[in-house]
Amino acid sequence: MVIFDDIRSAAVRTGLAAIDYETTELSPLEGKLTEVNIAVPGQSWSIPVAEPMSKWLAGVRSLYECGAQVVHWKSFFDQSFHPKYGLPLYGNVHDAKAAFWLLEPQDWAPKGLKDRGELEFGVKAIRYHEVDQRSLRQREQYGKQDAEWTLKLYQLAVPLLKQEGLWDIFINVYPRLTPIAVEMRLTGLKVDRTGLLKLKKEFLQEQDDNLHKIRVYRPGLNPNSPAQVADLLYKELKLKPPHPKFLEKGKAGHESTAADAVKYMVKQHDVAGLLLEHREITKLIGTYIEPLLDQSASDPRGRIHSEFNPIGTDTGRWSSYGTAGEGMNLQNIPAKTDRGKRIKKCFVAEEGNRWSRADYQQMELRVNAQIAHERRMTQAFKDGRDLHQELADAIPCKRADAKAVAFGYAYGMWPKKFAIKYAYPLPEARRFRAGYFRMYPDLQAHHACTEMLVRDDPWARTLGGRKFYLGFLPIEGGERMRKALNTPVQGSVADFINRALVDLAAWRDIYGVPFRFLSQVHDEINLEVPDAYAELVAEMLERIMVESAPLPDVPVEAEVTVGDRWLMK
DNA sequence: GGAGCTAGCGCG
DNA sequence: AAAGCGCGCTAGCTCC
């Protein structure tokens, strides 16, 4: 592998190397590496996997460890192939995709390497489908362009990141998140197949009983067809929705059968409740139980391997998803209804391990209190009072309504929508909003301020200084204002949990504590910890989460639960 | 037979 | 005139 010696010398000389892999599949569990593409300033290579593999791998490894700054495009994808080849997960690799995401996280920005390159360089990219995979020359051209563009885009982004004050987070946070996201995917979440099979049987029976009861009112009805359900509810049974809005016909030419409308019909006809229940069960079986059973059956350890993307959203939150039948979104596992909870209880720790879960407590509210300098809310957190109950007493309304008020009106919802969503008369919704802002005058001032400021200053910022350009949104219409209210809050929480993950990983590296990262759910971290270390890790987990979220005025709390599964009660 | 859309809904 | 934010997945359905 003489060629790697040359490449390494070039990398050392220039101090910079872009690396990109070609693989047989998108899955790091199934797929194999076929080529490594490398670019240094002024030169590039595409090197097919060669025998002996150990020599080839040593060559690749030497590039990471020669002291040059290594950069990838979508580092968490490329590095997810490392462990099966005995390569380490590197926590100091810069990611050109993350660079552009930090500069322009919005969804209108080009996401792919090719799209971004075409935009920045004004040159047509070689697209994957244009490449004749049998032609070594074409493969080489394609691979070299990927590496070259990764390198050039990185060089383009560096001064911009520094100029925008994003350099620190780019080199100190995002590279260290990559190994964590990869670890989550490769480790996977273990599920209790016996429990899931039992649930499936039970739910299918319920679903069937339910279907028969529904079909008494209309034989042959498919409850999963909104068109058929609308016809039954509105045309045949003439049921009334909570608001005329639901009578408006959509693209498919029928009235809305959304849950908010059907819930309201429960008092009018038995079929409404049956339909809602049928929908719930169908959703749980189809979206969760069946994929969980399928995927755990095809994995040797019965685990679910999902992708986690630390740069998957506009605001800085992570996203989670399945790729080509492998993995699924692990950030929307049911937790609210009784049936849903039974599914979540089927996520279990491996024998000899504990499931350690930590949640920030009411974190968005706390961050909002901080950002708005809301004195009353801040004091309530300091005193440890029940905010929602306090608001409910003041409005007055039910506690559950106060909660809805706090989440809706905080981010610019209007009474009309509140009234429709929660089936209240408009004056009642207005009264709630008035009560809310009477309770929190500083928050009202913050809304007024934001509305004014966002006209001239199109930037929104998190407490940690990450920023979002909102200038592409029209000033009128409210969307810019609502995003200006929400992004700093959601984005700050995202920054905090990222910091917590990084610090937790660093603590583990230093002391060699043997836990595994399982998942991240926006304000929650899940770990699998050998029994003997469970207590120590739980203590540290809580401490790191709290310390990673330094709010100057508002106290922060994280709650840790340790058990044999994700959800205990 | 697959792509792409809509409606609906799971989570924070 | 119209006005919470952020995601990903499924079934039904249309279209090519």
Side-chain angles (χ1 to χ4, degrees), chain A residues 105-107 222-230 245-246 249-263 275-276 278-291 306-309 311-323 325 327-337 339-341 343-344 359-365 368 404-418 420-422 433 436 447 451 460 468 470 473-474 476-491 493-494 497 519-524 567:
Chain A
Q106 289 77 7
D107 65 6
N222 177 357
N224 298 321
S225 162
Q228 293 181 34
V229 171
K245 169 112 184 161
F246 293 105
K249 302 198 170 152
K251 305 239 174 182
H254 59 78
E255 304 84 346
S256 168
T257 71
D260 290 336
V262 183
K263 261 182 226 154
L275 282 167
L276 288 171
H278 191 276
R279 270 189 193 163
E280 183 198 343
I281 298 170
T282 304
K283 176 86 175 174
L284 295 181
I285 295 175
T287 307
Y288 302 102
I289 296 182
E290 282 185 339
S306 298
E307 201 155 345
F308 284 90
N309 181 358
I311 54 174
T313 71
D314 290 3
T315 59
R317 280 186 175 184
W318 290 26
S319 65
S320 161
Y321 47 92
T323 310
M328 57 195 292
N329 185 353
L330 288 174
Q331 293 181 318
N332 69 349
I333 298 304
K336 290 179 175 167
T337 66
R339 287 191 191 88
K341 283 179 183 166
I343 294 177
K344 196 159 188 166
D359 290 84
Y360 281 122
Q361 300 288 299
Q362 299 172 297
M363 199 53 181
E364 280 209 6
L365 274 181
N368 212 1
V405 163
F407 279 103
Y409 289 141
Y411 300 129
M413 189 190 268
W414 287 86
K416 183 184 165 189
K417 173 143 185 184
F418 189 94
I420 294 170
K421 193 171 161 74
Y422 298 105
R433 184 169 185 273
Y436 177 63
H447 279 220
E451 188 165 17
F468 308 85
L470 303 175
L473 298 170
E476 306 301 331
E479 191 182 352
R480 190 196 279 199
M481 145 84 167
R482 292 194 304 278
K483 287 215 160 105
L485 288 173
N486 178 270
T487 5
V489 178
Q490 211 184 101
V493 179
I497 199 141
S519 70
Q520 184 265 37
V521 195
H522 313 309
D523 64 356
E524 168 188 343
L567 185 68

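What's counted below: heavy atoms across the whole structure, side chains too, no hydrogens, waters or symmetry copies. Quick note on labels: first sequence line is chain A, next is B, and so on, each numbered from 1.
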Checklist outcome for this item: Applying salt bridge (charged side-chain N to carboxylate O under 4.0 Å, His left out) to Lys263(A) and not counting sequence neighbours gives Asp260(A)

Checklist entry - In terms of side-chain heavy atoms, does Ser320(A) have a donor or acceptor partner in Gln331(A) at a distance below 3.5 Å? => result no

Checklist outcome for this item: Residues pairing under side chain to side chain donor-acceptor pair (under 3.5 Å) where one sits in residues 480-489 of chain A, two or more places apart or in two chains, turn out to be Glu479(A)-Lys483(A), Asn486(A)-Gln490(A)

Next on the checklist: Between Lys483(A) and Glu476(A), which residue's closest nucleotide on DNA chain C lies nearer the 5′ terminus?
Outcome noted: Glu476(A)

Checklist entry - Listed by chain and number, what are the salt bridge (charged side-chain N to carboxylate O under 4.0 Å, His left out) partners of Glu280(A), not counting sequence neighbours? => result Arg339(A)

Checklist outcome for this item: Note on DNA chain B: ranges paired as stems (three or more Watson-Crick/G-U pairs in a row, both atom distances under 3.5 Å) are B:1-12 with C:5-16

Checklist outcome for this item: Hits for side chain to side chain contact (heavy atoms under 4.5 Å, CB included) against Asn309(A), two or more places apart or cross-chain, chain-then-number order -> Phe76(A), Ile311(A), Ser319(A), Tyr321(A)

Under 3.5 Å, which N/O atoms of the protein pair with N/O atoms of nucleotides 13-16 of chain C?
{"from": "dC13(C)", "atom 1": "OP1", "to": "Ser225(A)", "atom 2": "OG", "distance (Å)": "2.9"}

Item to check | Partner set under salt bridge (charged side-chain N to carboxylate O under 4.0 Å, His left out) for Glu451(A), not counting sequence neighbours | outcome: none

Checklist entry - Sequence neighbours excluded, which residues qualify as side chain to side chain contact (heavy atoms under 4.5 Å, CB included) partners of Phe418(A)? => result Ala404(A), Val405(A), Tyr409(A), Met413(A), Tyr422(A), Tyr424(A), Ala429(A), Phe432(A)

Checklist entry - Who are the ring pair (Phe, Tyr, Trp, His ring centres under 6.0 Å) partners of His447(A), not counting sequence neighbours? => result Phe437(A)

Next on the checklist: According to side chain to side chain contact (heavy atoms under 4.5 Å, CB included), who are the partners of Gln361(A), at least two apart in sequence or on a separate chain?
Outcome noted: Asp359(A), Arg366(A), Glu557(A), Glu559(A)

Checklist entry - Just checking Ser256(A): base, sugar-phosphate only, or nothing, at a heavy-atom cut-off of under 4.0 Å? => result sugar-phosphate

Next on the checklist: Looking at Gln331(A) and dC7(C), is any side-chain donor or acceptor paired with a base atom of the opposite kind under 3.5 Å?
Outcome noted: no

Next on the checklist: Below 4.0 Å from chain A heavy atoms, what is the first contacting nucleotide of DNA chain B and what is the last?
Outcome noted: dT6(B) to dG12(B)

Next on the checklist: Under the rule for side chain to side chain contact (heavy atoms under 4.5 Å, CB included), what residues qualify as partners of Lys344(A), not counting sequence neighbours?
Outcome noted: Ile333(A), Ala335(A), Arg357(A), Trp566(A), Leu567(A)

Checklist entry - Given atom CE of Met413(A) and atom C1' of dC5(C), what is their separation to the nearest angstrom? => result 10 Å

